[in-house]
Amino acid sequence: MMQKVFPIHSAKAPAPAYDGGPLVDTRGRGLRDLRISVTDRCNFRCVYCMPREVFDHDFKFVAHDEVLSFEEIARMARVFAGLGVKKVRLTGGEPLVRRELHRLVALLAQIPGLDLTLTTNGSLLAKQAAALAQAGLKRITVSLDSLDDATFRAVNDADFPVARVIEGIEAAAAAGMAPIKINMVVKRGANEDSILPMARHFKGSGHIVRFIEYMDVGATNGWRMDDVVPSAEVVRTVGEEMPLEPADSNYAGEVAQRWRYKDGSGEIGVISSVTQAFCRTCTRARLSTEGVLYTCLFAAAGYDLRAMLRGGSSDEEISGAIARIWHGRTDRYSEIRTAETAKLRKIEMSYIGG
Ligand code: SAM
């Protein structure tokens with residue numbers, strides 16, 4: 001039986017001094033992306049993310065009054081945009097289980113120059129795609145770990161059928177959100193047989209499958225290096241049947257490496273978070289469901305921005321605090337990962353947002 005863990009929110013780390021120069025961290029990285037977790041709850045229990053034996057009936061999710069309201073999230077997003085953030089991704093937990101999420105999308109879509117996107121397991125997408133698109137959502141990423149129904153149900157551990165996720169992808173495309181990115185986490189022994197069927201299915205569809213290395217996020221998934229299927233192996237597997245060539249990045253710091261089908265029928269991406277760490281170009285901050293700021297997916301502690309939000313601080317004061325935190329940022333977890341660090345008590349991905 002695995003030990004029960006609860007989200008750590010020791011937001012006590014002191015913010016370092018910041019003199020107001022260009023906002024870069026100690027390694028010269030700007031603040032460009034913000035991932036916002038709108039809920040730590042999810043209707044799936046993916047075995048590598050929210051194992052059912054840990055995230056059970058007794059698990060203490062964030063209480064409703066602790067969760068940032070849509071208005072608070074929108075205010076935070078405006079403050080971050082003022083500091084140079086260009087892209088906001090809504091995530092969770094499962095963002096579409098948060099009631100009336102389209103209302104939040106509508107608020108965020110009003111922020112000038114912000115590229116807004118969302119990551120979802122797709123289970124509720126068929127119902128919500130039109131409302132989300134109408135509210136201003138232009139892009140979406142759908143997680144899908146297999147097209148084989150039995151494998152997919154085993155991974156999501158909620159007995160959820162593949163067909164409904166495919167319906168969600170189709171509804172999002174029909175609502176104008178194409179091309180859609182389809183994220184597949186590859187775990188050795190769990191779904192590596194699904195790599196080729198997934199590539200075949202979406203080849204020529206205009207959508208882009210991205211194969212993600214299984215990571216040691218959180219402390220509940222019992223991660224082992226042996227479970228990681230390196231991206232190089234994925235590219236080899238797909239390329240042997242459907243020849244590929246490398247494609248240029250769309251922009252500096254893009255996490256996925258792009259590979260194009262030589263016959264011109266589209267592309268795939270690989271995200272090599274374990275075998276080729278991309279800390280050096282990481283410009284991402286994360287805001288948890290209850291308004292704690294984390295500067296790394298593998299963090300063990302964050303900064304309590306909600307206390308400022310609800311304590312009467314002005315936007316300028318909050319902005320100054322974020323700038324100081326970013327200025328002092330040193331994170332580079334994936335570059336220093338070892339079997340030992342993998343056992344550290346890190347924040348769960350369902351809480352911090354994927
Ligand atoms: N519920 C939404 C979804 O399924 O996309 C958003 C949150 S989920 C935590 C975001 C992404 O993180 C999903 O694609 C999921 O597969 C991925 N993920 C979760 N645990 C992971 C791990 N240990 N390694 C790699 N990716 C992981």
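Order of listing sets the numbers, starting from 1, for every ligand and every atom in it. Just so we're clear, the structure is a prediction, and the values are computed from it rather than from any experiment.
For ligand 1, the 4.0 Å heavy-atom shell takes in Y48, C49, T91, G92, G93, E94, T119, T120, N121, S143, V185, E213, Y214, M215, V217, N221, M349, G354, ordered by chain and residue number.
For the residue pair E94/T120, the side-chain donor-acceptor check at 3.5 Å is satisfied.
For the pairing with N121, the side-chain hydrogen bond (donor to acceptor under 3.5 Å, both in side chains) check across N183, N43, D145, N156 returns one residue only, N43.
In this structure, the salt bridge (Lys or Arg N to Asp or Glu O under 4.0 Å) partners of R258, at least two apart in sequence or on a different chain, are E267.
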(message) salt bridge (charged side-chain N to carboxylate O under 4.0 Å, His left out) for D159 and R153? Distances and angles first, verdict last.
(response) CA-CA 5 Å; D159 207 24; R153 286 178 199 249; 3.2 Å; yes

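Between F44 and F160, the ring-plane angle classifies as tilted under the 30° and 60° cut-offs.
Smallest separation of non-hydrogen atoms from A109 and G136: CB-CA, 4.1 Å.
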